[in-house]
Visitor: 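First the structure, which I've put down as structure tokens, then a few questions once you've had a look.
Since we're looking at a predicted model, the values are computed, not measured. Counting starts at 1 for both ligands and their atoms, following the listed order.
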Amino acid sequence: MDCIPKCPRNAIAEGGDPLYIDRDRCDLCGVCVNICPSRAFEICGREMSIDMVVEEVLRDKAFYSYGGVTLSGGEPLYQPRFVSRLVRELKRHGLHIAVETCGHVSRRVFDDILDYIDLIYYDLKALDEERHIAFTGVSNKLIISNLEYLAGRDVNVVVRTPVVPGYNFVDLEVEICRLVEFVAGLGIGRLELLPYHRFGEEKYGMLGREYRLRVSPPEIGYLREIVDKCRPRNISAEVKTPILT
Ligand code: SF4
């Protein structure tokens with residue numbers, strides 16, 4: 001293919017279909033992106049300063065009457081100093097601020113930003129500690145302790161739990177009801193169940209990575225039936241429909 005851009009680090013292997021990029025060699029210099037005539041190459045993400053982010057956010061402020069800014073990731077709270085300064089700056093402009101987090105951070109990180117944020121989307125991947133360790137590599141003790149702490153603070157919390165049958169849930173009916181009870185017991189008013197889907201499979205291929213999670217997605221109607229059966233009062237528990245982003 002004569003349209004393949006010349007890579008200064010020889011990271012692009014010619015002749016492969018799809019094209020193979022050796023990511024150990026690639027230093028994200030962007031040369032291929034800039035010269036590829038068919039725009040087949042793209043670098044996702046870029047470094048930005050606080051001022052740049054704020055400027056970009058404010059450009060659309062007129063459309064924020066029903067929302068605001070959501071700090072997402074990866075894990076935004078793994079960049080606590082940046083987030084700390086950013087939320088202060090965004091709040092100065094009167095914006096509604098939400099943060100998506102896995103909760104596996106020091107309590108101090110939350111204390112530092114709580115006065116400036118309005119909503120936390122909090123990942124709780126499994127109630128069972130051993131299963132949590134098996135599938136995420138860390139204990140859920142810190143995550144649950146932070147969740148209990150946040151439940152008592154003046155901030156809205158929505159707990160989000162992925163449902164991956166055979167991984168974080170084995171007996172769906174029993175364990176979903178247990179989760180609903182647990183979240184309701186903390187006084188948290190909203191739980192969202194996120195059924196496993198395979199939309200990420202193609203992205204893995206584009207990154208030259210093997211997609212190894214071969215699980216059948218759960219039946220959404222069945223999950224909704226379970227939630228209807230076990231929903232206690234004082235909590236809105238919802239099964240979200242996966243959306244391709
Ligand atoms: S960004 Fe493109 S040109 Fe630069 S090292 Fe990576 S593959 Fe090569």
Side-chain angles (χ1 to χ4, degrees), residues 1-61 63-64 67-90 93 95 97-106 109 113 117 121 123 125 134-138 160 162 164 167 194 196-215 217 242-245:
M1 277 192 270
D2 37 304
C3 63
I4 294 177
K6 193 71 199 149
C7 167
R9 293 185 51 86
N10 287 326
I12 304 176
E14 298 191 19
D17 183 20
L19 212 59
Y20 176 76
I21 296 180
D22 184 340
R23 285 164 207 283
D24 290 334
R25 288 190 179 189
C26 172
D27 64 2
L28 298 175
C29 70
V31 167
C32 57
V33 177
N34 295 331
I35 63 176
C36 178
S38 56
R39 303 211 170 276
F41 293 81
E42 182 188 8
I43 290 180
C44 293
R46 62 193 159 111
E47 278 194 26
M48 294 174 81
S49 65
I50 301 276
D51 289 346
M52 287 161 79
V53 175
V54 173
E55 190 188 329
E56 181 121 2
V57 166
L58 292 181
R59 215 173 280 158
D60 294 325
K61 192 180 177 196
F63 303 104
Y64 292 162
V69 179
T70 301
L71 308 188
S72 183
E75 173 52 60
L77 300 188
Y78 281 177
Q79 301 179 56
R81 269 180 288 183
F82 189 92
V83 167
S84 169
R85 288 175 49 216
L86 180 61
V87 294
R88 282 164 170 77
E89 199 51 41
L90 292 172
H93 294 278
L95 294 170
I97 303 173
V99 176
E100 291 183 345
T101 180
C102 70
H104 194 259
V105 296
S106 150
V109 174
I113 60 172
I117 60 177
Y121 289 108
D123 274 7
K125 294 192 175 68
F135 300 121
T136 69
V138 296
R160 281 181 166 168
V164 190
Y167 281 74
L194 313 177
Y196 166 72
H197 58 74
R198 296 172 80 163
F199 298 160
E201 203 165 348
E202 197 177 323
K203 284 187 190 162
Y204 270 69
M206 286 158 69
L207 292 167
R209 295 171 66 179
E210 186 193 354
Y211 190 85
R212 289 188 294 177
L213 195 56
R214 302 270 163 214
V215 176
I243 297 170
L244 188 56
T245 52

Visitor: Checking only N/O/S atoms, does C29 have one that is under 2.8 Å from atom 4 (Fe) of ligand 1?
Guide: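 Checking atom 4 (Fe) of ligand 1 against C29, an N, O or S atom does fall under 2.8 Å.
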Visitor: Which residue supplies the protein heavy atom nearest to atom 8 (Fe) of ligand 1, what is that atom called, and how far is it?
Guide: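 Result: C7 SG, 2.3 Å.
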Visitor: Once rounded to the nearest 0.5 Å, what's the spacing between atom CD1 of I43 and atom SG of C32?
Guide: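 I43 atom CD1 to C32 atom SG measures 6.0 Å (nearest 0.5 Å).
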Visitor: State plainly whether the residues E201 and R214 are in salt-bridge range, i.e. N to O under 4.0 Å.
Guide: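 Between R214 and E201 there is a salt bridge, with a charged N closer than 4.0 Å to a carboxylate O.
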Visitor: Return the minimal non-hydrogen interatomic distance between R46 and M52, and the atom names on each side.
Guide: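 Heavy-atom minimum between the residues: NH1-CE, 4.3 Å.
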Visitor: Any N/O/S of C26 under 2.8 Å from atom 8 (Fe) of ligand 1?
Guide: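 No.
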Visitor: Number the atoms of ligand 1 from 1 as they appear, then name those within less than 4.0 Å of a heavy atom of P8, with their elements.
Guide: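 Numbered from 1, ligand 1 contributes 3 (S).
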Visitor: Check each atom of ligand 1 against the heavy atoms of D27 and keep those under 4.0 Å away; list them by number with element.
Guide: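 Answer for ligand 1: 5 (S).
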Visitor: Distance check, rounded to the nearest 0.5 Å: R209 atom CZ versus K203 atom NZ?
Guide: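 The distance works out to 12.5 Å.
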Visitor: Between the main-chain N or O of K125 and the side-chain N or O of D123, is there a donor-acceptor pair closer than 3.5 Å?
Guide: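 No; zero donor-acceptor contacts below 3.5 Å.
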Visitor: Show me which atoms of ligand 1 lie under 4.0 Å from any heavy atom of L28.
Guide: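 Counting from 1, the qualifying ligand atoms are 1 (S).
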Visitor: May I ask you to decide whether E89 forms a salt bridge with R85, counting only side-chain N to carboxylate O separations under 4.0 Å?
Guide: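 Answer for the salt bridge query: no.
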Visitor: Relative to ligand 1, is V33 under 4.0 angstrom through side chain, backbone, both or neither, heavy atoms considered?
Guide: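 Neither; no heavy atom under 4.0 Å.
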Visitor: Among protein heavy atoms, which lies nearest atom 7 (S) of ligand 1, and at what distance?
Guide: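 Sorting protein heavy atoms by distance from atom 7 (S) of ligand 1 puts I12 CG1, 3.7 Å first.
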Visitor: Return yes when at least one N/O/S atom of C32 is nearer than 2.8 Å to atom 2 (Fe) of ligand 1, and no when none is.
Guide: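 Checking C32: at least one N, O or S atom is under 2.8 Å.
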Visitor: Look at atom 1 (S) of ligand 1 and say which protein heavy atom is nearest, naming residue and atom and giving the distance to 0.1 Å.
Guide: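 Answer, as residue, atom name and distance: G30 N, 3.4 Å.
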Visitor: Decide yes or no for E56 and M48: does some side-chain heavy atom of the first lie under 4.5 Å from some side-chain heavy atom of the second?
Guide: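 Side-chain contact under 4.5 Å: yes.
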